[in-house]
Q: 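I'd like to ask some things about the structure below.
Counting starts at 1 for both ligands and their atoms, following the listed order. Only heavy atoms go into these numbers, but all of them, side chains included; no hydrogens, no water, no symmetry mates.
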Amino acid sequence: MRFRGIIVGTMDDLNFWGKRVLARVDINSPMKDGRLLDRSRIEAHAKTIRELHESGAKVVVMAHQGRPGGDDFDHLEQHARALEPLVGTSVKFVKDVTGPEALRIIDSLEPGDVLVLDNVRLLAEENIQAEPERLVKTLLVRELAPHFDVYVGDAFATAHRSQPSVAGFPYVLPSVAGRVMESELRGLSKVLDVSSRSFFIGGSKVDDVVKVMPNLIGKGTVMTGGLVALTFAKAYGQYLGPAEDIVKSLGVEVIEGARRVLEKGKVMVPVDYVVERPDGEVEVQEAGQELSGVPKDVGPTTVAAYRDVIDASDAVIFKGTAGVVEDPRFRRGTVALLEAALKSGAFVLVGGGHASAALSWVEEGLRKAVGYTSTAGGAMLYLAAGLKMPGVEALAYSYSKFIARGGWP
Ligand SMILES: Nc1ncnc2c1ncn2[C@@H]1O[C@H](COP(=O)(O)OP(=O)(O)OP(=O)(O)O)[C@@H](O)[C@H]1O
Ligand SMILES: O=C(O)[C@H](O)COP(=O)(O)O
């Protein structure tokens, strides 16, 4: 398939019967207290895994959950259990990635078997980002690649990361796009190039947002929520009270990056917050004043201001959440903004694990008005900003090196 001037192979290009397939998917899901809060990514990628199983491949699933040190950093056993009914066969799980136990099971698989490896980010080197020449030298690639015939790159939501599991294997194995990767590339390239659009960008991955924002300024009004909003409020010189330390913990380079974005153009920040006081009580407070607690959602006046922008847009691109949605007390801003977008008649694109999960809290009749739901938040923004996606570039390289030349073993 062609995508923005490059060609990547798809699963239609290969016969998988009896082949050892390493399928990198993105089933990184919202979790709280060790429990999965949402399974939409698992459901999305199950289609790719099921097709490989039914094609008689020996399927090994590689994925991550969370980031080291994060509350949602966990094993993938629950994910393997959740996949089983969706894939239609028993799913093996091994609490290992490149160790002897994993390799023993990989080498013993029969056609149609499915094995899920443990969280690939348990390996320190998976958490680096580097050029392909460095990625192919990692232990992860060197240990696993010899046990496989083909790599299926399905982790579109992680394709903006130049990490070994995402952008290393296609340089040493014949590789094609999985069904999620294929549909996201086809779907998003259609919906991202619309005229009058606005962006709601929230959530906690401020480093990603600050990186792509310079390319979004001028492409539509940007409304912010979550930690992204607090960072830009700080960059505007707002005093955040108890939230000062939270923003400072993101790092000086992130705040400086936000300031550089504001030199290129303005972004909208909340005019009121829902704060959680030290005594646990919740109240709405105006921005800019001495906050009595940590801001954990946007307030009603902000929703009203953002609604005016949304109503004037032909398309609204939604990434991240307005509040700490793991806590039901801080979901109102996100749900209200999603409902405003869905009622506005604009084309609504919702991207990301938590943002897509938030759709489930919107009343069902309204939910149907969503124009496109992407498994990716950050990666979708990279695409909207026209930035390179290492995971897609790697698949394009593999197509030219292996697939196009009939290099399929
Ligand atoms: N004010 C806030 N303070 C702290 N965390 C916040 C705040 N608002 C939102 N968050 C956190 O942001 C996270 C959701 O943002 P995130 O950027 O991960 O969105 P996403 O839709 O999952 O996109 P992606 O797919 O890129 O991860 C949630 O875990 C939520 O708790
Ligand atoms: O949820 C996501 O955005 C993807 O799984 C990538 O996760 P990351 O931002 O921790 O790399």
Q: Run the numbers for me: atoms of ligand 1, each under 4.0 Å from some heavy atom of Val324, listed by number.
A: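 Close to Val324: 2 (C), 3 (N), 4 (C), 5 (N), 6 (C), 7 (C), 8 (N), 9 (C), 31 (O).
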Q: Check step by step if side chain to side chain donor-acceptor pair (under 3.5 Å) holds for Asp38 and Ser29.
A: CA-CA 6 Å; Asp38 175 75; Ser29 306; 5.8 Å; no
Q: Should you measure from each heavy atom of Gly378, which atoms of ligand 1 turn up under 4.0 Å away?
A: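 Every atom of ligand 1 under 4.0 Å from some heavy atom of Gly378: 26 (O).
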Q: Taking distance alone, with N or O pairs closer than 3.5 Å, would you say Arg67 contacts ligand 2?
A: yes
Q: Heavy-atom contacts with Ala157 under 4.0 Å: which atoms of ligand 2 show up? List them by number with element.
A: 3 (O), 4 (C), 6 (C)
Q: Of all the atoms in ligand 2, which lie at a distance below 4.0 Å from a heavy atom belonging to Asn28?
A: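 Near Asn28, meaning under 4.0 Å from one of its heavy atoms, ligand 2 has 1 (O), 2 (C), 4 (C), 5 (O), 7 (O).
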Q: Does any N or O of ligand 2 fall below 3.5 Å from an N or O anywhere on Gln163, backbone included?
A: no
Q: Hey, looking at atom 30 (C) of ligand 1, which of Glu326, His354, Lys205 has the closest heavy atom?
A: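 Looking at heavy atoms only, the winner is Glu326.
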Q: Any atoms of ligand 1 less than 4.0 Å from a non-hydrogen atom of Gly203? List them with their elements.
A: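 In order of numbering, the contacting atoms are 12 (O), 14 (C), 15 (O), 17 (O).
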Q: Select one of side chain, backbone, both or neither to describe which atoms of Arg41 lie under 4.0 Å from any atom of ligand 1, heavy atoms only.
A: side chain
Q: Check this for me - ligand 2, His64, N or O atoms closer than 3.5 angstrom, yes or no?
A: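 Right, the criterion is met.
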Q: Check Pro295 against ligand 1 and report side chain, backbone, both or neither, counting heavy atoms closer than 4.0 Å.
A: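 It is the backbone that gets close, since no side chain atom is under 4.0 Å.
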Q: Is it the case that the side chain of Glu276 and the backbone of Pro295 share a donor-acceptor pair, with hydrogens and angles ignored and the cut-off at 3.5 Å?
A: no
Q: Is there a side chain to side chain donor-acceptor pair (under 3.5 Å) between Gln78 and Arg35 once you walk through the steps?
A: CA-CA 8 Å; Gln78 298 184 65; Arg35 281 185 318 106; over 6 Å; no
Q: Between Arg50 and Glu54, does at least one N-O distance fall below 4.0 Å, as a salt bridge requires?
A: yes
Q: Enumerate the atoms of ligand 1 whose separation from the nearest heavy atom of Ala355 is less than 4.0 angstrom.
A: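 Per the distance check, 21 (O).
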